[in-house]
Amino acid sequence: MELTLDEQQTHTLFGHHDENLRMLEDEFTVKISSRGNELFVQGSAESVAMVEKLLGEMQQLIRQGYPLKRSDVNTSMRVLRDKPDLNIVDFFT
């Protein structure tokens with residue numbers, strides 16, 4: 001997965017000290033690493049797909065100026081688990 005966010009937007013997505021990425025790792029049992037504007041997700045195909053969907057949609061929110069917070073990441077994870085077909089951008093906007 002490749003990110004196209006500026007440094008501030010990337011910080012918003014990753015969270016303070018990458019806390020958002022760590023929450024995703026714990027919730028979906030994946031390993032997330034980054035290098036520059038690339039993000040690598042390792043795990044089962046199903047978990048990787050869910051994390052990539054979630055990150056992509058959170059990226060869209062940030063681009064639209066949504067002030068993503070840690071609680072939004074928690075809510076997004078819960079919503080995605082319950083309703084995998086729901087678009088997170090639509091949910092928050």
Side-chain angles (χ1 to χ4, degrees):
M1 171 176 212
E2 187 165 335
L3 300 174
T4 54
L5 299 173
D6 65 29
E7 188 174 323
Q8 180 58 40
Q9 292 170 330
T10 299
H11 178 73
T12 301
L13 179 62
F14 288 12
H16 187 63
H17 296 294
D18 297 342
E19 68 184 350
N20 294 343
L21 299 183
R22 303 296 77 89
M23 287 190 318
L24 291 170
E25 285 180 326
D26 292 343
E27 178 70 22
F28 294 102
T29 317
V30 295
K31 175 68 178 147
I32 303 173
S33 58
S34 64
R35 182 177 304 144
N37 65 346
E38 290 184 301
L39 198 61
F40 304 95
V41 183
Q42 298 174 328
S44 72
E46 181 181 349
S47 293
V48 169
M50 290 178 80
V51 169
E52 287 182 348
K53 174 183 178 355
L54 187 56
L55 287 170
E57 291 175 5
M58 288 191 306
Q59 226 181 331
Q60 289 176 19
L61 281 171
I62 293 167
R63 279 196 201 113
Q64 293 176 10
Y66 186 86
L68 190 72
K69 299 175 285 218
R70 180 185 172 126
S71 61
D72 297 327
V73 176
N74 279 322
T75 300
S76 297
M77 290 186 303
R78 189 179 73 248
V79 167
L80 186 61
R81 283 270 188 213
D82 292 343
K83 298 180 182 182
D85 295 331
L86 185 72
N87 184 299
I88 299 299
V89 176
D90 293 341
F91 180 82
F92 282 103
T93 58

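Because the structure is predicted, anything quoted here is derived from the model rather than measured. Quick note: residue numbers are just sequence positions, from 1. Atoms considered below: every heavy atom in the structure, side chains included; atoms not considered: hydrogens, waters and symmetry mates.
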Side-chain atoms of residues 84-93: list all donor-acceptor pairs with protein atoms under 3.5 Å, sequence neighbours left out, distances to 0.1 Å.
residue : atom : partner : partner atom : Å
Asn87   : OD1  : Val89   : N            : 2.7
Asn87   : OD1  : Asp90   : N            : 3.1
Thr93   : OG1  : Val89   : O            : 2.6

Rounded at 0.5 Å granularity, tell me how far [atom1] in [X] sits from [atom2] in [Y].
X: Thr29; Y: Gln42; atom1: OG1; atom2: CD; value: 13.5 Å
X: Met58; Y: Ile62; atom1: CE; atom2: CD1; value: 7.0 Å
X: His11; Y: Asp6; atom1: NE2; atom2: CG; value: 12.0 Å
X: Glu57; Y: Leu54; atom1: CD; atom2: CG; value: 7.0 Å
X: Ser33; Y: Leu21; atom1: OG; atom2: CG; value: 9.5 Å

Using only atom types and a distance under 3.5 Å, with no angle test, would you say the side chain of [X] pairs donor to acceptor with the backbone of [Y]?
X: Glu25; Y: Ile32; value: yes
X: Ser47; Y: Phe28; value: yes
X: Asp72; Y: Lys69; value: yes

Work out which heavy atom in Val30 is nearest to a heavy atom in Gly43; give both atom names and the distance.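 Smallest interatomic distance, heavy atoms only, reads CG1-CA, 4.3 Å.
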Under the side chain to side chain donor-acceptor pair (under 3.5 Å) test, residues paired with Glu52 that sit two or more places apart: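 Scan of Glu52 (side chain to side chain donor-acceptor pair (under 3.5 Å), adjacent residues dropped) gives none.
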Looking at Glu46, I'd like to know if its CD atom is crowded, meaning that more than 12 non-hydrogen atoms belonging to other residues, nucleotides or ligands lie closer than 6.0 Å.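 Result for CD/Glu46: open.
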Any Lys/Arg nitrogen of Glu27 or Arg78 sitting under 4.0 Å from an Asp/Glu carboxylate oxygen of the other?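 Arg78 and Glu27: not salt-bridged.
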Step by step, would you call Lys31 with Val41 a side-chain contact (heavy atoms from CB on, under 4.5 Å)? CA-CA 6 Å; Lys31 175 68 178 147; Val41 183; over 6 Å; no
Please list, one pair per line, the donor and acceptor atoms closer than 3.5 Å that link side chains of residues 12-19 to other protein atoms, with sequence neighbours excluded.
residue : atom : partner : partner atom : Å
Thr12   : OG1  : Gln8    : O            : 3.1
Glu19   : OE1  : Arg70   : NH1          : 2.9

